[in-house]
Each structure stands twice: as structure tokens, then as C-alpha cells.
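Below: one structure, written as C-alpha cells.
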2 protein chains.
Amino acid sequence: MDPSLPALERTDHSHTRAGRPRDRAARAAILQAANALLEENGIAGFGMEAVAARAGVGKSTIYRWWPSKGALAMAGFLAATEPKISYPKDGDSALDALRRQLLRVAEVYAGPTGRVMAAILAEGQRDPHTITAFVEGYARPRRDEARTILQAAITQGELRPDLDPEVVLDALYGPIYYRMLVPVGPLDIKWMDTLVQTVLDGIALPRL
Amino acid sequence: MDPSLPALERTDHSHTRAGRPRDRAARAAILQAANALLEENGIAGFGMEAVAARAGVGKSTIYRWWPSKGALAMAGFLAATEPKISYPKDGDSALDALRRQLLRVAEVYAGPTGRVMAAILAEGQRDPHTITAFVEGYARPRRDEARTILQAAITQGELRPDLDPEVVLDALYGPIYYRMLVPVGPLDIKWMDTLVQTVLDGIALPRL
DNA sequence: TACTTACGATACAAAAAGTATCGAAATAGG
DNA sequence: CCTATTTCGATACTTTTTGTATCGTAAGTA
């Protein structure tokens, strides 16, 4: 972690210092309000005043915890989404685990969570801190997780040994982000299933 | 075209009606200024006042041509980008044409054009008119063009006959948009070349 | 009890999108 | 040439939103 980058959340000194402790309940209410507003209206209906009003909280309390709108959006997104997209821990084949996780990701991103993510990526194009927070705090860890499964699948002889894992991750996950941000077609399980199968088999004529 | 959707550009009646004709030179200057600002600073440095100042034009003139900030960004992008990404017209094999066009797209999107597109997609998450204009005025036509080549490659026996063209397009172009919007890695020709080859061959172990 | 910090509320400053108004300029038709 | 019409650039204005500052109060610690 580069300490020159602004933290996603401000540090909490409530236990070390004297004075009134910071209100964890208010923090939770803010996160929930932020995520709810993002889910309902995307980035359009998401403003600091609206979040404060919905959480029953002063605006200053929000800025005491998070430094900017983008940071708050990221925090709300993480709090709500992180539990939803974990890899299955079964003793399955790695390839099956990868496939099932991809279907799950497509399913989740097709719903409100996808709208929130699109909003964060949009905000990220405007504010470098937000996109950095998204990559470091969400995308990269997920990608690392996926790469591990991918390499396991290669080791177990389920996938070609000569693959570039980064490129394979892009081929599998890139189209999801694409359909999430550019409405060229639906993002559903049937589509995702076809995509996975297509990438698995390749598009070239099989050599007889 | 659904006429209920706001047009990307307002109609020009300067030749039919009386009065001072609309200034095409001013229009061109605005488009150029808009695109330059987007290339230089992305969505951050892109504002109507800034465009007007740079083009040496009143703000009202901009709004006389385009109804909103998003529409202007789209127009500037189209004017500058449309010539850059045409399909090669050679008598090559369809597959080679497709591959060369993908490499060209990756090359172009890796530069300033990619920053402009990212800005437009970001604005599009906020303003439905903008994303619609982008899809209808840019993404969809490109996609149609690519699909034609793709189907030619299938017809010519260069690709599997059982493919879903939409899914293949997502697999090839989706990762480009992904890397353009989420900085997980570089977007260069070497990467693109590996991606194309990976999708062609598939990632599963070849059946011996 | 004194001190310290966070709380909610609210006023405020700054920036930007889009609208309204103005006199000047350019064109068509008479 | 003259008048009506429309666009021109300039500028003031309204509205919205982000982020800061201020203030009296609440809730802890020493």
C-alpha cells in the first residue's frame, strides 16, 4: 500500500484518545444509505446531502469518515458486495469452481450491484482516487483469487499449460464489464454460459 | 431512429429560413476544442465554458448545436474517431481482416481516443441520452461491421460454424473496454495479439 | 468537574450546467 | 438600400452539488 494515496476510510482513534467516541452505528447507517441510493438510482440520485438525510446523519459525520464522494461510494459498495461473490470452497475440480463463480458474478452484476459498480467506475473516470480504491480494494483481490483457481485448473491438467493467466482472466471477465457498462445486449446466465463454453473451446475450427 | 430520443445534433435550417446563417466554422472549432480537451484531461477538464473559450465561441452557440454536455462529447468523439477505425477493405481472408482490425482498435483505444471514450462512457452512466447516442451512433454500427466480417469468416470455413456471433464479439471486444476502464494492466498490441490467439484456440486442453 | 472529541444542523464558498438577455452581425426579400 | 429575421459572442443569472466552516450539544476520559 502506497501511503501517499489517500486511504479509503479515515482512521479511527476513538479508543486511544479522549473525548466522545465515534459512532459506529452512524457509520453503518451511512454505508447502508449510500448503497441503497446507488442501487436505486445509480450515480444520478447519489449525493452527499441525500445520503446524510437518508441515514439521519449530519454531512460532517460523513466527511469525518470518508474523504470524498467516490470513497463513500466505494465503501458502500464493498460493504454490500464483498460477501456476495466468494468462491465456492468445495473440493470440486478447479475448472468447475471457476465456471460456477463466473456464472455467479454475471448473475450478481446483472442486478442492482452492477448498477452500483457502473456508477463507481463512472466516478472513477473523474476521480483517480476512486478508480485506484476500486482496483486495489476490489478488482485486484478478486482477480488474484480467480488467478489462483485458474492456475490450479492448469496444474490439474484441465486447461492448456501454455496459457497466459492474465489474458484468460480478461477474456472471461472483460465481457461482463463490457455488457455492464455498454448496453449492447443482456447480461444473463445463458449468455455467460455460452461465453465460457466459447472461450473454453475456442472459435477456430478444431484441427481434425 | 426513434424520434422520441433527442437527436445528437440539432437540425440546421440556415438555408431554408431567412436571417444570419449558422456558422459551420464555429461548429468545427467547437468539435475540435471539445475533442482536444477530452484528450488532454479526460472528463475532468471538460466543461462547456472551457470548450467555448478554447473555440473562441459563445456558450449559447454550443447549446444551439448540441443539447447537452454529453451530446457534445459524443459529437467531438465521433468527428475525431470515426475515420480512425475503419475495416481494411483488402481481399484478405475474413479472419485476417478481423484480426488486423482488432489490433488496430486496441492500438487506438490505448491512446487519447481511449481516454475520450472512457469519459463518454462515464458521462453515459449519468445521462441516458449519452449512452444511447454512443451505442446507436458508434458501438452498434461498429459491432454490425464486425459481425459481418465474423460471419464471412464462418462462411469461408475459417471459424467454427456453430458459434454465436454476439458472444464471440463480446469475447473479443469486451476485454478491450475492460482494460480501458479498469486499470488492471496495459492495453497494448502484444496483449491484444495474445488475447485473439487465446480466443481462437480456446483454453481447454485440445482433444488429442 | 474540566477537558476533549464527535455529533447533527446549518451557513457558506466554489464550481459547473444550462437559461436568459443583449447589442452586433449577416442574410433574404422587397 | 432597407427591413425583418436569425445567429453571433458576451455576460449575467439560476440551480445544483461538492466540500468546508461554524456552533451549540452530547458523550466519553482523567
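So you know, we letter chains A, B, ... as the sequences are listed, proteins then strands, and number each from 1.
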In whole angstroms, how far is the C1' atom of C:dA9 from the CE atom of A:Met48? 16 Å

N or O in side chain of B:Arg64 less than 4.0 angstrom from D:dC8 OP1/OP2: yes

Between C:dT19 atom P and B:Glu49 atom CD, what is the distance in whole Å? 13 Å

A:Lys69 (side chain) and D:dG19 (base): donor-acceptor pair under 3.5 Å: no

Nearest-nucleotide wise, let me know which of A:Gly70 and B:Ser60 is further upstream toward the 5' end of DNA chain D. B:Ser60

From CZ of B:Arg10 over to P of D:dT7, roughly how many Å is that when rounded to an integer? 11 Å

A:Ser68 has its side chain closest, among D:dG19, C:dT4, C:dA26, to D:dG19

Whole-Å distance separating the CZ atom of B:Arg54 from the C1' atom of D:dG9: 19 Å

Between CH2 of B:Trp66 and P of C:dG18 the distance, given in whole Å, is 14 Å

Member of B:Met74, B:Arg126, B:Glu123 meeting the side-chain contact (heavy atoms from CB on, under 4.5 Å) criterion with B:Lys69: B:Glu123

From the candidates C:dA26, D:dG9, C:dC7, the one with an atom nearest any side-chain atom of B:Pro21 is C:dA26

Looking only at side chains, do B:Asp193 and B:Gln197 share a donor and an acceptor under 3.5 Å apart? no

Has the side chain of B:Arg20 got a donor or acceptor that lies under 3.5 Å from a partner of the other kind on the base of C:dT27? no

Between A:Ile62 and A:Lys59, just flag the one whose closest nucleotide in DNA chain C comes earlier from the 5' side. A:Ile62

Length of the CZ-P vector between A:Phe46 and D:dT17, whole Å: 13 Å

Rounded distance (Å) that lies between atom C1' of C:dG8 and atom OH of A:Tyr63: 16 Å

Do A:Arg22 and C:dA6 have a side chain to base donor-acceptor pair shorter than 3.5 Å? no

How would you list, by chain and number, every residue that makes a ring pair (Phe, Tyr, Trp, His ring centres under 6.0 Å) with B:Tyr109, sequence neighbours excluded? none

Working for salt bridge (Lys or Arg N to Asp or Glu O under 4.0 Å), residues B:Glu40 and B:Arg115: CA-CA 9 Å; B:Glu40 288 165 16; B:Arg115 274 203 301 281; over 6 Å; no

Taking the side chain of B:Asp23 as its heavy atoms from C-beta onward, which of C:dC7, D:dT18, D:dC8 lies nearest to it? D:dC8

Who are the salt bridge (charged side-chain N to carboxylate O under 4.0 Å, His left out) partners of B:Arg64, not counting sequence neighbours? none

Separation of D:dT17 C1' from A:Arg126 CZ (nearest whole Å): 11 Å

